[in-house]
2 protein chains.
Amino acid sequence: MSAVIIVNGERLWHTLTVMSRFGAIAHGGVTRLALGEEDRQARDCLSRWALDAGCQVRIDRMGNMFLRREGTRPELPAVVTGSHLDSQPKGGRFDGVYGVMAGLEAIRALNDAQIQTERAIEVINWTNEEGARFAPAMIASGVFAGIFDLAYGHSRTDHDGVSILQALRQIGYEGERPMGSLAIHAAFELHIEQGPILEAENRLIGIVTAAQGQRWFEATIVGFSAHAGTTPMDKRRDALLGFARMVNAVNDIGRAFMPDGRATVGMAQITPNSRNVVPGQVFFSVEFRHPDEAILEQMEQRLRQAIDGVNNGALTAEVNRIFAYPPVTFDENCIAGVRNAVAALGYSHREMVSGAGHDACYLSAVAPTAMIFIPCVDGVSHNEAENIDPQWATAVANVLVNALLAKAGRVAAATSAG
Amino acid sequence: MSAVIIVNGERLWHTLTVMSRFGAIAHGGVTRLALGEEDRQARDCLSRWALDAGCQVRIDRMGNMFLRREGTRPELPAVVTGSHLDSQPKGGRFDGVYGVMAGLEAIRALNDAQIQTERAIEVINWTNEEGARFAPAMIASGVFAGIFDLAYGHSRTDHDGVSILQALRQIGYEGERPMGSLAIHAAFELHIEQGPILEAENRLIGIVTAAQGQRWFEATIVGFSAHAGTTPMDKRRDALLGFARMVNAVNDIGRAFMPDGRATVGMAQITPNSRNVVPGQVFFSVEFRHPDEAILEQMEQRLRQAIDGVNNGALTAEVNRIFAYPPVTFDENCIAGVRNAVAALGYSHREMVSGAGHDACYLSAVAPTAMIFIPCVDGVSHNEAENIDPQWATAVANVLVNALLAKAGRVAAATSAG
C-alpha cells in the first residue's frame with residue numbers, strides 16, 4: 001500500500017447538493033426531522049445510491065441504515081464510517097449528511113480504483129442523531145451501543161405523541177437487523193466542526209482525539225415580585241440581580257478552564273417578565289463541558305459556591321444537575337490511522353477535542369472509534385447559514401478513504417483475471 | 001364646622017366584600033377586566049347603591065360613571081372623588097375598588113348625618129384604569145382630561161380585536177355625558193399604596209403630594225448565537241453577558257437616586273433561549289421613576305452611558321425611550337385639605353410620592369387634585385394576596401369624608417323644618 005486514493009470531489013459535492021433538496025427551505029438550509037417524509041426521501045435516495053455502488057443495504061430495529069461493501073474476508077469485523085441524515089429544524093445542509101456522503105464517496109472511490117479490501121466496509125446512517133424530533137439525541141447509536149435498551153428507544157415520542165417505532169413503521173424503516181450485531185474493527189465519523197477553530201487557524205483537518213464530557217444543570221433563584229413603581233430599591237428582592245451575578249460567575253468558570261472549558265447559560269425564564277414588575281423568580285440552565293472529568297467536577301463545585309453566594313437572605317437559589325455525559329477518549333489506533341492518512345496527503349491539521357456530542361461518542365463504548373472534523377464557515381451550525389468549502393469536503397473525504405482502506409486491508413490486485 | 005364626620009366602617013367593608021364577588025377567583029382575588037361581564041355586574045351594583053343613596057347616575061362617552069350627590073348650589077364646580085372598579089387578571093380585591101367604595105361610603109355617611117353641602121359631590125368610577133384589557137392604562141381619565149381624544153379612546157382594542165366602543169355597547173355603558181364636561185373644584189383619589197412604606201413605618205395615612213415621572217425604555221443587545229459545546233470562551237459574542245452588565249447598571253442607577261428613585265429591568269427575551277446555544281440577542285425593558293424631571297434626565301443619561309459601555313465590538317447595544325410621563329405635583333390646596341382632615345382625626349401619617357400611575361395623575365391636568373394612600377399588607381398588589389385591614393379602610397374613608405365636606409362647604413342646618 002503506497003499511493004493514496006483520491007475521491008471524486010465533484011461527485012461528492014453533487015450528492016450533497018441532491019441531499020440538500022430533501023427538506024430544503026428558503027435560505028439554503030434544510031428541515032429534515034428524523035423519520036419524517038423528508039428523511040424517508042433522503043434515506044431512499046441513499047439506499048438507491050448504495051445499491052448502485054454494489055452495496056448490500058440493511059436496516060436495524062432502530063432504523064439505522066448499514067451500506068455494506070463486502071470484503072474478501074466477510075467473517076472479520078467490519079470497518080465502518082457514517083453519521084446522520086436528520087437535521088435540526090431550519091438546520092444546515094452539511095451537519096451529519098456530510099459524514100454519510102463522504103462514506104458513500106469513499107466506497108465509490110474504492111470501486112473506481114477497483115480496490116478490494118479484506119474487511120467489509122459499512123457506511124452507517126444513524127437514526128435521530130439531532131434529538132430535535134425525539135429526545136434524547138443520538139438515541140439510535142445509543143441503543144446500538146447498549147447505552148439504552150431497545151424498548152426505551154422505540155418508545156420515545158415526538159411532540160404529537162408519535163413514537164419512534166410508529167414513525168419507523170410509517171416510513172417503512174423498521175428493519176430486522178438485531179441491534180449491535182455488527183462486529184466492528186474500527187470506526188470513523190466525519191463531521192463539520194460546528195465551531196470556529198479550524199477555519200480561524202486555516203487548517204483543513206481536525207483530528208479529534210476526545211469528546212468533552214458534559215454536565216447540565218437547572219437553577220432557580222427566588223426573590224419576590226413587586227410593583228416597580230412603589231417598591232423602594234432597598235426593599236426589593238430582585239431575582240434578576242441574582243441571575244446577573246450567576247451569568248457572570250458561569251462565564252468566569254468557563255474562562256478559568258480555557259482553552260478546553262465551556263460554560264454557558266443558554267436559557268432563562270423570568271417570572272413574571274412584566275415591564276413594571278420587579279422579577280420574583282428566574283429559572284435558568286447552566287452547562288459545562290471539558291474533556292477531563294476531574295475538571296468538570298471542579299467546575300460544578302465552583303457553580304455550587306456561586307449559587308451559595310446568591311443565597312443572601314433576600315434571595316434563595318438552588319441548582320440541580322440534570323445529566324452528565326462523561327468525557328470520551330477516542331481509540332489511539334484509530335486516531336493513528338487518521339494521522340497517517342493526513343500525513344500521506346500532506347494536509348494542514350490540528351488535533352482537537354469535540355465540544356459537541358456525536359454518534360461516535362456512543363459508538364466508542366463498543367468499538368475502536370475516532371472522529372475527523374472538517375472546518376465550517378464562521379463556525380456556524382444548527383443554522384441555515386451553515387456552509388463548507390467544496391475543496392474542504394474533498395480533502396476530508398480523501399483522509400477518510402485512506403484511513404478506511406488502511407484499516408480494512410487492501411487486497412493485492414490479482415495479476416490476471418480469474 | 002367643628003366636629004368630624006365618621007363613616008360606617010362595617011358598611012364600607014360590606015360593600016367591598018360584595019364587590020369582591022364580581023369576578024371572584026380561587027385565592028381571594030378577582031379577575032374583573034374592564035368592560036367585561038364581571039365589570040358590568042360591579043357597575044350595575046354600584047349604580048343601584050348610588051340610586052338608593054339618592055344620587056343621580058350619569059355615564060360619559062368613555063363609560064366613566066359619575067354618582068352625583070347634589071349640592072345646594074348646583075351651578076358651582078363639584079367636589080369629586082373616585083378610582084376604578086376594573087382589576088388586573090388575578091388581581092387583588094382592593095386596588096381601585098377601595099377608592100370608589102370609600103367615595104360611596106362618604107356619601108352615605110353625609111346622608112346619615114343629614115348634612116347638606118353647597119357644592120355637589122360626585123363619585124367617579126373611571127373605565128379601564130388597569131390597561132390589562134385595553135392599552136394604554138388610564139385611558140378614560142386620559143380622555144376626560146384631554147390627554148387623548150375620544151376617537152383614540154374608543155378605538156383601542158383588546159386581545160380579541162374588540163374595541164372599547166364595542167365593549168361599552170356590549171355591556172350597555174356607552175353614556176351620553178360629553179367628555180370633560182364636569183367642572184371640578186377639588187378632586188381626591190383614595191388608593192392602596194401598592195408598596196410597603198406605610199405598613200413598615202406603622203402609619204395609617206399616606207398624604208400623596210406628587211406622583212413620580214416615568215421613563216420607559218426598550219433595549220437590545222446583539223452578539224452572535226453559537227454552539228455552546230464547540231465555541232471557545234474567548235471566541236464568544238454572548239449577548240447575555242452584556243445583559244447581565246446592564247441589569248447591574250440599571251440597579252446602580254436606581255440606588256444612586258434613593259430613596260425616591262426606582263430603576264427596574266422587568267422583562268427580557270433571550271434569543272434563541274436554548275440550553276446549548278450561546279445567546280445571540282437579548283431584548284429587554286428598562287423603566288425609571290422619580291418625582292424630579294431633572295433627575296429622570298440624569299438617570300436616562302447614565303443608562304445611555306451604560307449601553308455605550310456594552311458596545312465593545314463583540315456586542316452591539318442600543319436603547320430607545322418608548323414613553324415618558326412627566327412627574328405630577330398635586331394641588332397644594334387639596335393636599336392641605338387632606339392634612340387638615342388627618343389632623344382633625346389625629347391619625348398617624350406621612351407625606352409621600354406615588355410610584356404608580358393613577359387616574360388622579362391625568363385628572364390633575366384639568367382639576368385641583370390630591371391622593372390619599374391606605375397601607376396594604378406587605379406592600380403586595382396586582383396579586384390575589386393583596387390585603388388591607390378593615391380598620392385602615394375605615395380610617396382613610398374618615399379622612400376622605402371630612403376632606404370632601406370641607407371642600408364642598410357644609411350648609412348650616414336649618415333651625416326648623418319648612
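Residue numbering restarts at 1 for every chain, and letters A, B, ... go by the order of the sequence lines.
Of the listed residues B/P259, B/A228, B/G261, the one with more heavy-atom pairs under 4.5 angstrom with chain A than any other is B/A228. In terms of non-hydrogen atom pairs under 4.5 Å with chain B, the most contact-rich of A/N273, A/I197, A/T231 is A/N273. With respect to chain B, the highest number of heavy-atom pairs below 4.5 Å among A/M258, A/R245, A/H382 belongs to A/M258. Of the listed residues B/D238, B/V380, B/N251, B/V250, the one with more heavy-atom pairs under 4.5 angstrom with chain A than any other is B/N251. When each of A/V278, A/L241, A/I270, A/V286 is scored by its heavy-atom pairs under 4.5 Å with chain B, the top score falls to A/L241. Per-residue heavy-atom pair counts under 4.5 Å with chain B were compared for A/G355, A/G266, A/P272, A/S285, and the maximum is reached by A/G266. When each of A/G195, A/P279, A/S274, A/G254 is scored by its heavy-atom pairs under 4.5 Å with chain B, the top score falls to A/S274. For the options A/E193, A/H227, A/R236, A/M233, heavy-atom pairs under 4.5 Å to chain B are most numerous at A/M233. Interface remark: of the candidates B/G379, B/A263, B/S354, B/A263 forms the most heavy-atom pairs closer than 4.5 Å to chain A.
Of the atoms belonging to A/R289, it is side-chain heavy atoms, and not backbone ones, that fall under 4.5 Å from chain B. At a 4.5 Å heavy-atom cutoff, A/V353 makes no contact with chain B through either its backbone or its side chain. With a threshold of 4.5 angstrom between heavy atoms, A/E287 approaches chain B through side-chain atoms but not through N, CA, C or O. Neither the backbone nor the side chain of A/Q214 comes within less than 4.5 Å of any heavy atom of chain B. A/A226 does not touch chain B: none of its heavy atoms, backbone or side chain, sits under 4.5 Å away. The contact between A/D234 and chain B is made by backbone and side chain atoms together, counting heavy-atom distances below 4.5 Å. Using a 4.5 Å cut-off between heavy atoms, A/S381 makes no contact with chain B at all. With a 4.5 angstrom heavy-atom cutoff, A/V277 touches chain B only via backbone atoms. At a 4.5 Å heavy-atom cutoff, the contact between A/L240 and chain B is made by backbone and side-chain atoms alike. Looking at A/I253, neither its backbone nor its side chain comes within 4.5 Å of chain B, counting heavy atoms on both sides.
A salt bridge links B/R215 with B/E293: at least one charged nitrogen is closer than 4.0 Å to a carboxylate oxygen. Using a cut-off of 4.0 Å between Lys/Arg side-chain N and Asp/Glu carboxylate O, A/R275 and B/E218 are scored as salt-bridged.
With hydrogens and angles disregarded, a donor-acceptor distance shorter than 3.5 Å links the side chain of B/E199 to the backbone of B/D378. Side-chain atoms of B/R237 do not come within 3.5 Å of backbone N or O of B/L315 as any donor-acceptor pair. No side-chain donor-acceptor contact under 3.5 Å links A/R93 to the backbone of A/N387. A donor-acceptor pair is defined here as one N or O able to donate and one able to accept, closer than 3.5 Å; no such pair exists between the side chain of B/N202 and the backbone of B/L198.
A/Q194 and B/T230 form no side-chain donor-acceptor contact under 3.5 Å, judged by distance and modelled atom types alone. Side-chain polar atoms of B/D292 and B/H290 form no donor-acceptor pair below 3.5 angstrom. Using modelled atom types, one finds no donor on one side chain facing an acceptor on the other under 3.5 Å when comparing B/Q88 with B/D95. Side chain to side chain, B/E129 and B/H84 meet the donor-acceptor criterion of an N or O pair below 3.5 Å.
The only option from A/F257, A/F323, A/F217, A/Y325 that meets the ring pair (Phe, Tyr, Trp, His ring centres under 6.0 Å) definition with A/F288 turns out to be A/F217.
Within a 6.0 Å radius of NZ in B/K235, more than 12 heavy atoms belonging to other residues, nucleotides or ligands are found.
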